[in-house]
Amino acid sequence: MNTPGNAPTLDPSDPAGIDAQLSADEKAVRASVRRLCEEHIDPYVADWFERGELADPRGLAKQLGSMGLLGMHLEGYGCAGMSATEYGLACLELEASDSGIRSLMSVQGSLAMFAIWRWGSEEQKQEWLPSMASGEAIGCFGLTEPDAGSDPGSMRTRARRDGHDDSADWILDGRKMWITNGSVADVAVVWANTDEGVRGFVVPTSAAGFSAPLIHHKMSLRASVTSELVLDQVRLPASAMLPEVRGLKGPLSCLNEARFGIVWGSMGAARSSYLTALRYATEREQFGRPIAGFQLTQQKLADMAVEYSKGVLLALHLGRLKDVGTLQPEQVSLGKLNNVREALEICRSARTILGANGISLEYPVIRHMNNLESVLTYEGTVEMHTLVLGQALTGHGAFR
Ligand code: FAD
């Protein structure tokens, strides 16, 4: 029987009432990022996506920097020193606009800046972190190669000393692939094999022999700069090496930071898609009534609300653990695995509610859905995080 709709009794954007767990400061950070998105990103981002380019990545970086969002959970050197939870909330809001915008921010803060902040020399920190925090300088992070993705230990990029002592220059040769921010970066943190294992290098992109051609033809993360890095006999002073870390622990520690942001960010894309579908369902009529009144539509919306609420609760829980210093990398894997997978499911289901409109960039859903295909793969694929979790649960490694 057709019944008229009444006013909803739950806040659809927070059906489980999770907001009550946030402090006033956390809500204030969230509100300021949401305002930035509403004013400066949301009206334009579908167009950037359609054209396949960020209109003004430098301007955007400066805007994010002026709000203290770049390297926001790091202390000192011009960084805002906010909490992990505040960082997560900012990621959620930015990714509710577009995963590409959150990628710009998290590659800058959690990959490039974190690498220098955690493993760099005092000179490297002084030279780069203040300008990266303000957005004057953009950073990228080069780990993946054409033949080394999930298995970065097989990387071919090589750094060798041009001499026999520790003051000798380094010469870097190799290629990195799928590097976010690459073509607009001022500085690249590049990981390379050396005689002493994997080491990180702080490479000014003005160095002779360095180039960063854009990668075209992407159907995902189109409002994000993605590039190849080519290192052709790039000569760097001895001081360019990150002195405090050796081996894959270096890049993996940075990835762990960025993945934490994805645990939150993916729920932003999910929220945007779910709320779009909910609004559409209440406005779109078929068979003489809003499609929101059909049980099959309500099942989709209820599932979205449940998975969104669970994902945000998980992100918040992991944020609280990170803020007290007990968060383990395997728990970040658990969060990334669940939240990106569920966010993608929410987007796919939302797309069906929009019918044919679901494939149009007039609505954000297909954009989020396509973006999340990248987010599912980068910073460790679903399969890699499954194996990380599998090993943590069983004690057996199944990677090879
Ligand atoms: P592969 O490693 O070749 O994997 C292919 C498939 O095989 C996957 O499904 C994978 O899970 C599976 N697989 C591999 N090994 C196993 C196994 N042992 N068991 C089971 N399944 C397995 N990288 C950077 O360094 N910096 C960046 O800024 C960056 N930005 C990116 C931006 C975008 C838009 C994209 C798409 C990627 C970006 N990446 C970046 C690269 C990303 O991290 C890699 O794509 C990712 O690590 C996977 O590597 P791959 O694509 O080579 O896939």
Side-chain angles (χ1 to χ4, degrees), residues 16 18 84-85 87-89 91-92 94-96 99-100 102-103 105-107 110-111 114 141 143-144 148-153 178 180 220-221 248-249 251-274 303-323 326-350 368-400:
I18 301 167
T85 302
Y87 168 57
L89 287 163
C91 288
L92 190 152
L94 289 174
E95 196 148 356
S99 303
R102 198 269 307 139
S103 298
M105 177 255 210
S106 50
V107 166
S110 287
L111 292 181
F114 181 82
F141 181 91
L143 178 64
T144 305
S150 302
D151 176 20
W178 300 110
T180 303
S220 170
L221 281 197
L248 285 176
K249 175 183 166 197
L252 294 184
S253 67
C254 305
L255 289 170
N256 198 48
E257 292 296 304
R259 284 168 189 155
F260 170 77
I262 293 174
V263 175
W264 284 88
S266 53
M267 284 297 116
R271 185 188 71 198
S272 169
S273 297
Y274 145 63
D303 282 347
M304 287 182 211
V306 167
E307 290 309 326
Y308 170 68
S309 301
K310 282 156 68 178
V312 173
L313 264 182
L314 178 57
L316 182 59
H317 169 65
L318 298 184
R320 298 292 187 226
L321 292 186
K322 188 164 168 58
D323 278 326
T326 59
L327 181 63
Q328 296 182 41
E330 294 83 356
Q331 293 169 328
V332 178
S333 284
L334 184 155
K336 194 211 174 216
L337 178 60
N338 181 75
N339 282 14
V340 181
R341 199 163 58 185
E342 294 307 326
L344 198 45
E345 269 317 303
I346 287 173
C347 291
R348 287 176 179 149
S349 183
H368 287 310
M369 191 172 122
N370 279 12
N371 283 339
L372 285 174
E373 292 292 347
S374 287
V375 180
L376 196 71
T377 286
Y378 73 19
E379 320 265 346
T381 64
V382 177
E383 292 78 13
M384 287 302 112
H385 290 297
T386 303
L387 294 177
V388 167
L389 209 50
Q391 182 168 16
L393 295 174
T394 66
H396 293 279
F399 290 91
R400 53 185 82 243

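Here the structure is a predicted model, which is why all the values come from computation and not from measurement.
For the residue pair Ser272/His368, the side-chain donor-acceptor check at 3.5 Å is satisfied. Between the side chains of Ser266 and Asn339, no donor N or O sits under 3.5 Å from an acceptor N or O. Checking Ser110 against Tyr87 by side-chain atom types alone, a donor-acceptor pair falls below 3.5 Å.
In terms of heavy atoms, Ser374 sits closest to Ser220 at OG-OG, 2.7 Å. Annotation for Cys254 and Phe141: closest pair CB-CE1, 3.7 Å, computed over non-hydrogen atoms. The shortest non-hydrogen separation linking Met369 to Leu344 is O-CD1, 3.5 Å. The two residues Val388 and Glu330 make their nearest non-hydrogen contact at CG1-CG, 4.0 Å. Across every non-hydrogen atom of Met267 and Tyr308, the tightest pair is O-CE1, 3.3 Å. The two residues Ser349 and Met304 make their nearest non-hydrogen contact at OG-CE, 3.5 Å.
Note that CZ of Arg259 and CG of Leu111 are 9.5 Å apart. Values are rounded to the nearest 0.5 Å.
The side-chain heavy atoms of Val340 and His385, taken from C-beta on, include no pair separated by under 4.5 Å. Annotation: side chain of Leu334 is in contact with side chain of Leu314 (closest heavy-atom distance under 4.5 Å). You'll find the side chain of Cys347 stays beyond 4.5 Å of the side chain of Tyr274, heavy atoms only. Between Leu316 and Trp264 there is a side-chain heavy-atom pair separated by less than 4.5 Å. With a 4.5 Å cut-off on side-chain heavy atoms, Gln331 and Leu318 count as touching. Counting heavy atoms from C-beta outward, Ile262 and Tyr378 have side chains that approach closer than 4.5 Å. Between Gln391 and Phe399 there is a side-chain heavy-atom pair separated by less than 4.5 Å. Two residues are said to be in side-chain contact when any heavy atoms from C-beta on lie closer than 4.5 Å; Leu221 and Ser103 meet this criterion.
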query = Are Leu321 and His317 close enough, and set up right, to give a side chain to side chain contact (heavy atoms under 4.5 Å, CB included), and what steps lead you there?
reply = CA-CA 6 Å; Leu321 292 186; His317 169 65; 3.7 Å; yes
request  = Let me see the working for Val375 and Glu95 under side chain to side chain contact (heavy atoms under 4.5 Å, CB included), right down to the final yes or no.
outcome  = CA-CA 11 Å; Val375 180; Glu95 196 148 356; 3.8 Å; yes
inquiry  = Quick one, Asp323 with Thr85, criterion side-chain hydrogen bond (donor to acceptor under 3.5 Å, both in side chains). Give me CA distance, side-chain angles, the key distance, then yes/no.
reply    = CA-CA 7 Å; Asp323 278 326; Thr85 302; 2.7 Å; yes
query = Checking side chain to side chain contact (heavy atoms under 4.5 Å, CB included) for the pair Ser150/Thr381: CA distance, chi angles, key distance, verdict?
reply = CA-CA 7 Å; Ser150 302; Thr381 64; 4.1 Å; yes
query = Could you walk me through whether Asn256 and Glu379 pass the side chain to side chain contact (heavy atoms under 4.5 Å, CB included) check?
reply = CA-CA 8 Å; Asn256 198 48; Glu379 320 265 346; over 6 Å; no
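A salt bridge links Glu373 with Arg348; the closest basic N to acidic carboxylate O contact falls under 4.0 Å. Using a 4.0 Å cut-off between charged side-chain N and carboxylate O, Glu307 and Arg341 make no salt bridge.
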